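Read the structure below first, then the notes.
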Number of protein chains: 2
Amino acid sequence: MAGTTIYQVAQEAGVSPSTVSNLLNGRTGKMLPETRARVETAIRRLGYRPNRAAQQLRTGRIQMLGLIVPSVANPFWGTFARHLEAAALAEGFYMLLCNSERDRDRERHYVEELWGDGIGGVVLCSSLPSLDHVKPTVEAGLRLVAFDRTAQPGDPHSVVNIGTDNVLGMRLVTEHLLGLGHRRLAFVSGSIGSINRAERYSGFQQAIEAAGLPQEAGIVWSGADTLDFDDRDTAELGRSAARELLAAANPPTAIVAINDMCALGVIAGVREAGLTVGRDISVVGYDDIMLASMAMPGLTTVRQPVEEMASTAFTKLRQGMESTADSAGHSVLHRPRLIVRDSTAASAALAVKTPAHQGGTR
Amino acid sequence: MAGTTIYQVAQEAGVSPSTVSNLLNGRTGKMLPETRARVETAIRRLGYRPNRAAQQLRTGRIQMLGLIVPSVANPFWGTFARHLEAAALAEGFYMLLCNSERDRDRERHYVEELWGDGIGGVVLCSSLPSLDHVKPTVEAGLRLVAFDRTAQPGDPHSVVNIGTDNVLGMRLVTEHLLGLGHRRLAFVSGSIGSINRAERYSGFQQAIEAAGLPQEAGIVWSGADTLDFDDRDTAELGRSAARELLAAANPPTAIVAINDMCALGVIAGVREAGLTVGRDISVVGYDDIMLASMAMPGLTTVRQPVEEMASTAFTKLRQGMESTADSAGHSVLHRPRLIVRDSTAASAALAVKTPAHQGGTR
DNA sequence: ATTTACTGGTGCATCGATGCATGAGACTAG
DNA sequence: CTAGTCTCATGCATCGATGCACCAGTAAAT
């Protein structure tokens, strides 16, 4: 809108528009240093900036990527969005943000719309097990990086998956609890429909088995039909889970929540039941959102290296967009990390020989 | 990228590209219903979608707006972004997201970049008192809606400001506390540099004055030099404030925090001091972020009608972008609302004649 | 029959950048 | 002095949609 065109620059520098274009696009091979300098000066003097619309129209490409997340109101996605934007911006790419609200049709619609508008690459954060709804677009040529998801049979070829090892992550916290002497753990989740929820659950089970404990040591509390897609609901879910679990006969000594929001709800529920988290009962979450460190007590959880993952996502996307050959898809698994805080402590059964408030490396 | 052009549609329908264009742009005045139907069928059959780059190049306009926030990692901005996107999308606008990290230069850079790329409207969420850094761009024609900010002398003419009445909001909570019998209140904030912080402070003072209390009834705790720009820091600030205030002789019976994050820190600090929020001392925040309702106890706070504000922001932006005349700027003040939860209760001085846990309409 | 009026639709230049094919000029070789 | 070789720069068609100015028809008026 500044309105300076390549023609004005050309005139100012006393050359043709082609020359300016050549310079702009790095075709400086055969160009007198003097000419080059003249053009560069003119560009600077006029404050010329190429018109992106014209560039895109001509080249078909555009320096922009799309990000589709369930909802940026959720701090986990907000954080991811921020890091992805930073990675993109460093290479001159803009980022279009889209909230899918976890709706399949909205995901599809966005993907098609973005593709139709000339955006060549999209990072899709979907919790859906299948990518069928976007398959046609991907097969038409869209570069798709799926985030927080593991490759599934039937996925379109070129899709790159980026995530953390959920099985491992959940094993880590579960083993942490087992190491503290807990022998009766509850796993709290909404429906285990999404891929990573299933993976997390599997990690939980594996840890219990590996410890040689009977299946019954792991109680599963699943709000089955609850539509726990909203964060507030997720937390609420944790709250009711805690209430129910603690009211039952032979309650667990530790509760494993499917994610941090859920864990925060659990903490609230435990407190309402008159117990103290980190003393009477241990609670762990997953994700390490900002609130996890600020909660009282600090929440033991599993951190996903979000920044690193964002950077990988952008790199992969870009690679895909540049090569014309249809690169084969694959998965990049980042390593999750156990973050121990004060919400976990030795099981009450051992509490006699261990100081009550121990357990946190803060 | 689908690649169907207006020419193909024209051929398919047996008309000229102009006719298709006319239909697409609503110039259907003089067009036989039959012709119209033929074209519409062709469009559907070919799955034609106008090429946005070409449209933009031709018309100069683009159906896209920019949103600049301090950081979407902060749930308050995340929520706002989500609502703004929804409002924009309903009218066929995309939203480009930019994180300024509260940096003046980044704000300027983004504004210039967006303008240079043909984006005609930007919603800027800046905490800076002055808009001088973006003034040139606004004067060049960019439509700017400033969010969470009140008009200041020296602002560019066309800027529309959207916010809530911070003075009123803070008066509301402060009066709520006074009504509960509190006579010694502390106001906790980092440096009161930004406009809305100053406004909030002013509301606090006004309420105290209006109640006929002496100036000294309002203690001001200001972390002066602290760089409390990160959320974590803000909470930390509240924590230290609480500790210091409670350790002093003649401590306050109620603490007013500059925002919810800060209030959550205060709550943590109070708890560490061995006191119970909502009984021994009352705490209030501002913003009503999601966590406010999930904290223990639920935080009494002031809610900004975010969704409504987002909708206003979009409407104003759009109006500005459509009219060529440079509409005059103005401010839209939304009404904040007091949300009473369990973190406030009657002052301890009255506690003898009032049940301890009362006070919350939940 | 010729002009006037009107209806319904089309031709074409245009937006700004791109990059291939081509050309002008300088210089050397024969 | 012409042909051949280089070097450096330029002409021009192109991407797809837009919308004004114009034009073929047909109907009504003179």
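All values derive from a computational prediction rather than experimental measurement. In what follows, chains are A, B, ... by sequence order, proteins preceding strands, each numbered from 1.
Using a 4.5 Å heavy-atom threshold, the side chains of W115(A) and Y110(A) count as separate. Here the side chains of V20(A) and V15(A) are in contact, with some heavy-atom distance below 4.5 Å.
Residue Y7(B) has no polar side-chain atom (N or O) positioned under 4.0 Å from OP1 or OP2 of dT14(D).
Rounded to a whole Å, the CD1 atom of I6(A) is 13 Å from the P atom of dG11(D). With rounding to whole Å, R52(B) atom CZ is found 17 Å from dG16(D) atom P. For the pair Q56(B) CD and dG16(D) P, the interatomic distance rounds to 16 Å; values are reported in whole Å. Summarising the geometry, the separation between CG on L57(A) and P on dG19(C) is reported as 13 Å, rounded to the nearest angstrom. Going from atom CG of L46(B) over to atom C1' of dG16(D) covers 15 Å, rounded to whole Å. Q11(A) places its CD atom 13 Å from the P atom of dT10(D), with the value rounded to the nearest Å. To the nearest angstrom, P of dT14(D) lies 17 Å from CG of N51(B). Distance E34(A) CD to dC8(D) P: 12 Å, rounded to the nearest Å.
At a threshold of 4.0 Å, the pair R49(B)-E112(A) does not count as salt-bridged, since none of the basic side-chain nitrogens sits closer than that to a carboxylate oxygen.
Along DNA chain C, the nucleotide closest to K30(B) and the one closest to T59(B) are compared, and the more 5′ of them pairs with K30(B).
Nearest nucleotide to the side chain of A54(A), out of dG16(C), dG19(D), dG16(D): dG16(C). Checking dT10(D), dG16(D), dA17(C) against every side-chain atom of S16(A), the shortest atom distance belongs to dT10(D). Among the nucleotides dA17(C), dA17(D), dG9(C), the one closest to any side-chain atom of T35(B) is dG9(C). Checked against dG19(D), dA17(D), dA9(D), the side chain of R27(B) finds its nearest nucleotide in dG19(D). Between dT10(C), dG11(D), dA17(D), one nucleotide has an atom nearer to the side chain of P50(B) than all others, and that is dA17(D).
Base engagement by S18(A) is indicated by at least one non-hydrogen atom pair under 4.0 Å involving a base atom. At a threshold of 4.0 angstrom between heavy atoms, the contacts of L32(B) are confined to the sugar-phosphate backbone, with no base atom among them. When heavy atoms are screened at a 4.0 angstrom cut-off, V20(B) is found touching no nucleic acid atom at all. Looking at heavy-atom distances under 4.0 Å, T19(A) makes contact with a base. Contacts of N22(B) with the nucleic acid, taken as non-hydrogen atoms under 4.0 Å apart, include base atoms.
In summary, the side chains of E308(A) and H334(A) do present a donor paired with an acceptor at a separation below 3.5 Å, with no hydrogens or angles considered.
R143(B) contributes no side-chain N or O that, together with a main-chain N or O of L317(B), makes up a donor-acceptor pair within less than 3.5 Å.
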